[in-house]
Amino acid sequence: MCNIIINSTIQSFKINILNKVRIKIIVFAIIILIFSSISTIAKYKFNFNLDNFNIYNFIMYIINNPLNIIFIITNCFLLLIIDLGRFKSNESFMMLRCGSRLNWYMSKVLCIILSAIFLNILIILLIVISGIIKFNMKNLWNSNIVILSSTNYNFNVIFNLSKELILTFAPLQSVLISIGLLTFYLIVIGLLNFIINVTSKNTAVGFISIEIIIFFSLIIYKKQFLDNTLDKFTLIKNVLLQNHTFDKITAANFLNSLLFSFLYFGLISIVLKVVGLALIKRIDLDTRINN
């Protein structure tokens, strides 16, 4: 059974994910984001002495920004996996090869996970390739970033870094943890999008639904309703490393801990997987081409 699911996952990834046109569009969008970020950093280079700004600082600047995640990374991921919710003429053959709806569904879940990892690797590679000449590879925070993060200047708006984060983790550690959070976030988005696409048989419905969910998540995160409690359960809050506390975990700070965020994404992923499986067993899966 495992070999069948793995082979089906690889086949689905090749057919549905590795689309040259979509990948070119995604690469183009990420490159635009990278050079836009370089341009923004250049504006503050002389004010903040960012000559020794390193590649890890630069990666954090891009992937730890809520607007980058919402408008660029999320939409790139939705574009990457858009074919997973479409039933093409070869889908019935894929189901027969899997032997059951369960195996077929599990191959789609694994394909979503693989796609999230693939997009993260692609983003990091493009950032490193684009910034390797301009930024150094030292695993140290820029000295002025450390100083400015503890001042009254609204530095977080520019560089999305907190003093607590800088004092707790080295840049490389911060990057790895942020990639982990972003991967879990994309898996949740992918599972939710796939379930909506399959049940509605329309990929446009899935895309619009995800955009609405993220929009309301952003509103709750920004407005901080119910005395800053409700925002702790939003996707946006939990995917951003700088929103966490890094002290010893207690009952008082648990909702702000990294442990909570990983449990949060893990639990949602499990719930979506179970819900998806229940729906797959009941709905009529045909081979119509979705819009």
Side-chain angles (χ1 to χ4, degrees), residues 59-74 77 109 112-113 116-117 120 141 145-146 149-152 154-193 195-196 209-276:
I59 293 173
M60 285 296 293
Y61 172 76
I62 292 178
I63 68 173
N64 208 42
N65 185 311
L67 298 182
N68 290 346
I69 292 174
I70 293 170
F71 294 111
I72 305 297
I73 297 176
T74 299
F77 187 64
V109 171
I112 289 170
I113 295 172
I117 295 171
N120 271 302
W141 293 112
I145 288 180
V146 177
S149 66
S150 61
T151 66
N152 292 326
N154 199 9
F155 193 67
N156 274 351
V157 175
I158 304 170
F159 290 100
N160 306 297
L161 299 170
S162 66
K163 180 182 179 182
E164 188 180 9
L165 186 159
I166 290 172
L167 295 177
T168 304
F169 299 116
L172 179 57
Q173 287 177 297
S174 301
V175 168
L176 293 176
I177 296 171
S178 293
I179 292 172
L181 290 171
L182 184 57
T183 300
F184 272 93
Y185 164 84
L186 292 177
I187 290 171
V188 168
I189 293 297
L191 289 172
L192 188 57
N193 181 68
I195 291 171
I196 296 172
S209 299
I210 295 298
E211 295 295 330
I212 292 173
I213 290 170
I214 293 175
F215 173 76
F216 279 106
S217 179
L218 179 63
I219 293 297
I220 295 171
Y221 170 68
K222 288 293 186 181
K223 297 298 182 180
Q224 298 183 333
F225 295 114
L226 300 180
D227 195 26
N228 296 345
T229 299
L230 190 59
D231 73 296
K232 292 179 173 61
F233 296 92
T234 63
L235 293 170
I236 305 303
K237 183 268 174 188
N238 284 282
V239 75
L240 299 172
L241 183 59
Q242 81 268 13
N243 287 334
H244 296 83
T245 182
F246 310 109
D247 297 327
K248 182 179 179 180
I249 298 176
T250 63
N253 67 16
F254 177 68
L255 294 180
N256 289 318
S257 68
L258 279 171
L259 176 61
F260 171 78
S261 290
F262 280 109
L263 290 174
Y264 167 87
F265 284 123
L267 181 60
I268 293 178
S269 298
I270 292 171
V271 170
L272 288 175
K273 179 183 171 183
V274 172
V275 170

Student: Are Leu272 and Ile187 packed together at the side-chain level, in the sense that at least one heavy-atom pair is separated by less than 4.5 angstrom?
Tutor: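 When only atoms from C-beta onward are counted, Ile187 and Leu272 do not touch, as no gap falls below 4.5 Å.
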Student: What's the spacing between Asn65 CG and Phe71 CZ if we round to 0.5 Å?
Tutor: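 Going from the CG atom of Asn65 to the CZ atom of Phe71 covers 10.5 Å.
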Student: Less than 4.5 Å apart, side chain to side chain, heavy atoms only: is that true for Asn68 and Ile63?
Tutor: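 When only atoms from C-beta onward are counted, Ile63 and Asn68 do not touch, as no gap falls below 4.5 Å.
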Student: Would you compute the distance between atom OG of Ser174 and atom CD1 of Ile59 and round it to the nearest 0.5 angstrom?
Tutor: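 Here the interatomic distance stands at 11.0 Å.
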Student: Just how far is it from atom CG of Leu241 to atom CZ of Phe169, taken to the nearest 0.5 Å?
Tutor: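 Result: 6.5 Å between the selected atoms.
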Student: Can you find a heavy atom in the side chain of Ser178 that is under 4.5 Å from one in the side chain of Met60?
Tutor: yes
Student: Taking the side chain as everything from C-beta on, heavy atoms only, tell me whether Leu182 gets closer than 4.5 Å to Tyr185.
Tutor: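 In short, these two side chains touch, coming nearer than 4.5 Å.
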Student: For Phe254, does the CZ atom have more than 12 heavy-atom neighbours from other residues, nucleotides or ligands under 6.0 Å away?
Tutor: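 Count over threshold, so yes.
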Student: State, with a plain yes or no, whether a side-chain heavy atom of Ile236 is found less than 4.5 Å away from one of Ile214.
Tutor: yes
Student: So among Ile213, Ile268, Ile112, which one has a side-chain contact (heavy atoms from CB on, under 4.5 Å) with Leu192?
Tutor: Ile213
Student: Do Lys237 and Asn256 touch side chain to side chain, with heavy atoms closer than 4.5 Å?
Tutor: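 Answer yes - side chains close enough.
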Student: Tell me whether Thr183 contacts the main-chain N or O of Ile179 through its side chain, where contact means a donor paired with an acceptor under 3.5 Å.
Tutor: yes
Student: So, do Thr168 and His244 sit near enough that their side-chain heavy atoms are less than 4.5 Å apart?
Tutor: no
Student: Check the pair Val239, Phe265 against side-chain contact (heavy atoms from CB on, under 4.5 Å), reporting the backbone distance first and the verdict last.
Tutor: CA-CA 9 Å; Val239 75; Phe265 284 123; 4.1 Å; yes
Student: Please test Leu186 against Ile73 for side-chain contact (heavy atoms from CB on, under 4.5 Å), starting from the C-alpha separation and ending with a verdict.
Tutor: CA-CA 9 Å; Leu186 292 177; Ile73 297 176; 4.2 Å; yes
Student: Nearest 0.5 Å, what's the CG-CD1 distance between Leu165 and Ile177?
Tutor: 8.0 Å
Student: Show the nearest heavy-atom pair for residues Thr74 and Ile70, with the distance to one decimal.
Tutor: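 So the minimum-distance heavy-atom pair works out to CB-O, 3.5 Å.
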Student: Would you check, one step at a time, whether the test side-chain contact (heavy atoms from CB on, under 4.5 Å) holds for Leu191 with Val275?
Tutor: CA-CA 10 Å; Leu191 289 172; Val275 170; over 6 Å; no
Student: Hey, mind stepping through Ile189 and Leu235 against side-chain contact (heavy atoms from CB on, under 4.5 Å) and telling me if it holds?
Tutor: CA-CA 9 Å; Ile189 293 297; Leu235 293 170; 4.0 Å; yes
Student: Given side chains that start at C-beta, do those of Leu255 and Phe233 come closer than 4.5 Å, heavy atoms only?
Tutor: yes
Student: Nearest 0.5 angstrom please: Asn64 CG to Leu240 CG, how far?
Tutor: 5.5 Å
Student: In Å, rounded to the nearest 0.5 Å, how long is the span from CG of Asn243 to CG of Leu258?
Tutor: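 That separation rounds to 10.5 Å.
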